[in-house]
S.K.: 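My questions will all concern the structure given below.
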Amino acid sequence: MKKSVLKWFRYISYMEGISFLVLLCIAIPLKYAADQPQMVTVTGMIHGALFAAYIVAIMVMAVLYRWGLLRIAGGILAAFLPFGPFVLERRLMRETM
């Protein structure tokens with residue numbers, strides 16, 4: 001069971017990280033440079049859903065692997081940093097292998 005949850009977390013982490021980078025690097029510049037605010041609307045909704053799934057995944061991992069508050073806070077903080085979910089996921093893969 002732990003392996004399947006870890007695989008699920010990895011997938012969600014990648015998708016959330018990619019959606020954040022697309023929002024920051026593509027949608028927001030298009031909004032201001034090309035006057036296309038709909039890009040942020042669509043990308044922002046997708047990113048919001050993936051962010052919620054990421055937070056749920058963090059909580060599932062915290063329960064399953066008995067994380068402390070510091071690790072949970074670090075996992076949540078990673079979602080607010082560009083490339084943060086990728087770094088967190090890589091560290092977790094090293095620790096669990």
Side-chain angles (χ1 to χ4, degrees):
M1 172 151 163
K2 281 188 175 184
K3 290 284 186 188
S4 64
V5 171
L6 196 58
K7 188 175 183 179
W8 177 73
F9 176 76
R10 186 177 208 182
Y11 176 73
I12 294 295
S13 182
Y14 280 147
M15 295 304 293
E16 197 278 333
I18 290 168
S19 73
F20 187 44
L21 291 174
V22 167
L23 185 63
L24 288 177
C25 298
I26 298 173
I28 291 176
L30 281 175
K31 177 181 179 177
Y32 293 107
D35 195 31
Q36 295 187 2
Q38 68 275 11
M39 295 301 292
V40 171
T41 304
V42 173
T43 308
M45 286 192 307
I46 293 168
H47 173 67
L50 289 168
F51 178 80
Y54 178 80
I55 296 300
V56 169
I58 289 285
M59 294 302 131
V60 169
M61 292 288 287
V63 169
L64 194 60
Y65 285 95
R66 299 175 188 235
W67 287 1
L69 287 177
L70 190 61
R71 176 158 288 182
I72 294 169
I76 293 170
L77 177 66
F80 293 96
L81 303 172
F83 301 103
F86 303 116
V87 172
L88 176 69
E89 183 274 331
R90 182 59 58 190
R91 283 188 175 178
L92 291 176
M93 290 304 124
R94 272 193 238 133
E95 290 176 9
T96 57
M97 296 286 172

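Start at 1 with the first residue, then count along the sequence.
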S.K.: Can you run down the side chain to side chain donor-acceptor pair (under 3.5 Å) pairs that involve residues 75-86, sequence neighbours left out, and say none if there aren't any?
M.R.: none

S.K.: Decide yes or no for Leu6 and Met61: does some side-chain heavy atom of the first lie under 4.5 Å from some side-chain heavy atom of the second?
M.R.: yes

S.K.: Measuring only between side-chain heavy atoms, which start at C-beta, is Phe20 closer than 4.5 Å to Leu81?
M.R.: no

S.K.: Taking side chain to side chain donor-acceptor pair (under 3.5 Å) as the cut-off, I'd like each qualifying pair that reaches into residues 45-55, sequence neighbours left out, listed once.
M.R.: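 Qualifying pairs: Ser19-His47.
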
S.K.: Distance from Phe86 atom CZ to Leu21 atom CG, nearest 0.5 Å?
M.R.: 5.0 Å

S.K.: Under 4.5 Å between any side-chain heavy atoms of Ser13 and Leu88, yes or no?
M.R.: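 No; the side chains remain at least 4.5 Å from each other.
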
S.K.: Give the cluster check for Ile58 versus Trp8: same hydrophobic cluster or not, with ILVMFWY residues linked at side-chain heavy-atom distances below 4.5 Å.
M.R.: yes

S.K.: Between Leu77 and Met59, is there shared hydrophobic-cluster membership here, with clusters defined by ILVMFWY side-chain heavy atoms closer than 4.5 Å?
M.R.: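 Result: no, two separate clusters.
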
S.K.: What residue pairs, at least two apart or across chains, pass salt bridge (Lys or Arg N to Asp or Glu O under 4.0 Å) with a residue in residues 35-63?
M.R.: none

S.K.: When clusters are formed by joining ILVMFWY residues with side-chain heavy atoms under 4.5 Å apart, either directly or through shared neighbours, do Val87 and Leu92 land in the same one?
M.R.: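 No.
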
S.K.: Output the distance between atom CD1 (Ile55) and atom CD1 (Ile76), rounded to the nearest 0.5 Å.
M.R.: 4.5 Å

S.K.: Rounded to the nearest 0.5 Å, what separation is found between the CZ atom of Phe51 and the CD1 atom of Ile12?
M.R.: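 Between Phe51 CZ and Ile12 CD1, I get 13.0 Å after rounding to 0.5 Å.
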
S.K.: Indicate, with yes or no, if Phe80 and Val40 share a hydrophobic cluster defined by side-chain heavy-atom contacts under 4.5 Å among Ile, Leu, Val, Met, Phe, Trp and Tyr.
M.R.: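 Different clusters.
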
S.K.: According to the side chain to side chain donor-acceptor pair (under 3.5 Å) rule, which pairs have a member within residues 55-72, sequence neighbours left out?
M.R.: Arg71-Glu95

S.K.: With sequence neighbours excluded, give me every side chain to side chain donor-acceptor pair (under 3.5 Å) pair touching residues 20-32.
M.R.: none

S.K.: Mind checking whether Ile26 and Thr43 have side chains closer than 4.5 Å, heavy atoms only?
M.R.: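 The answer is no, as the side chains (C-beta and beyond) never meet within the 4.5 Å cut-off.
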
S.K.: With sequence neighbours left out, what residues match Tyr11 under side-chain hydrogen bond (donor to acceptor under 3.5 Å, both in side chains)?
M.R.: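 By the side-chain hydrogen bond (donor to acceptor under 3.5 Å, both in side chains) rule, Tyr11 matches no residue at all.
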
S.K.: Looking only at heavy atoms, what is the nearest atom pair of Ala78 and Pro85, with distance?
M.R.: O-CD, 3.2 Å

S.K.: If you take all heavy atoms of Tyr14 and Arg90, which pair is closest and at what distance?
M.R.: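 Taking every non-hydrogen atom into account, OH-NH2, 3.7 Å.
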
S.K.: Are Phe9 and Val56 connected in a single hydrophobic cluster, I mean Ile/Leu/Val/Met/Phe/Trp/Tyr linked by side-chain heavy atoms less than 4.5 Å apart?
M.R.: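 Cluster IDs for Val56 and Phe9 match.
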
S.K.: Could you tell me which non-hydrogen atom of Pro82 sits nearest to which non-hydrogen atom of Leu24, and how far apart they are?
M.R.: CG-CD1, 3.9 Å

S.K.: As a quick check of understanding, evaluate side chain to side chain contact (heavy atoms under 4.5 Å, CB included) for Val22 and Met39, giving each step before the final call.
M.R.: CA-CA 10 Å; Val22 167; Met39 295 301 292; over 6 Å; no

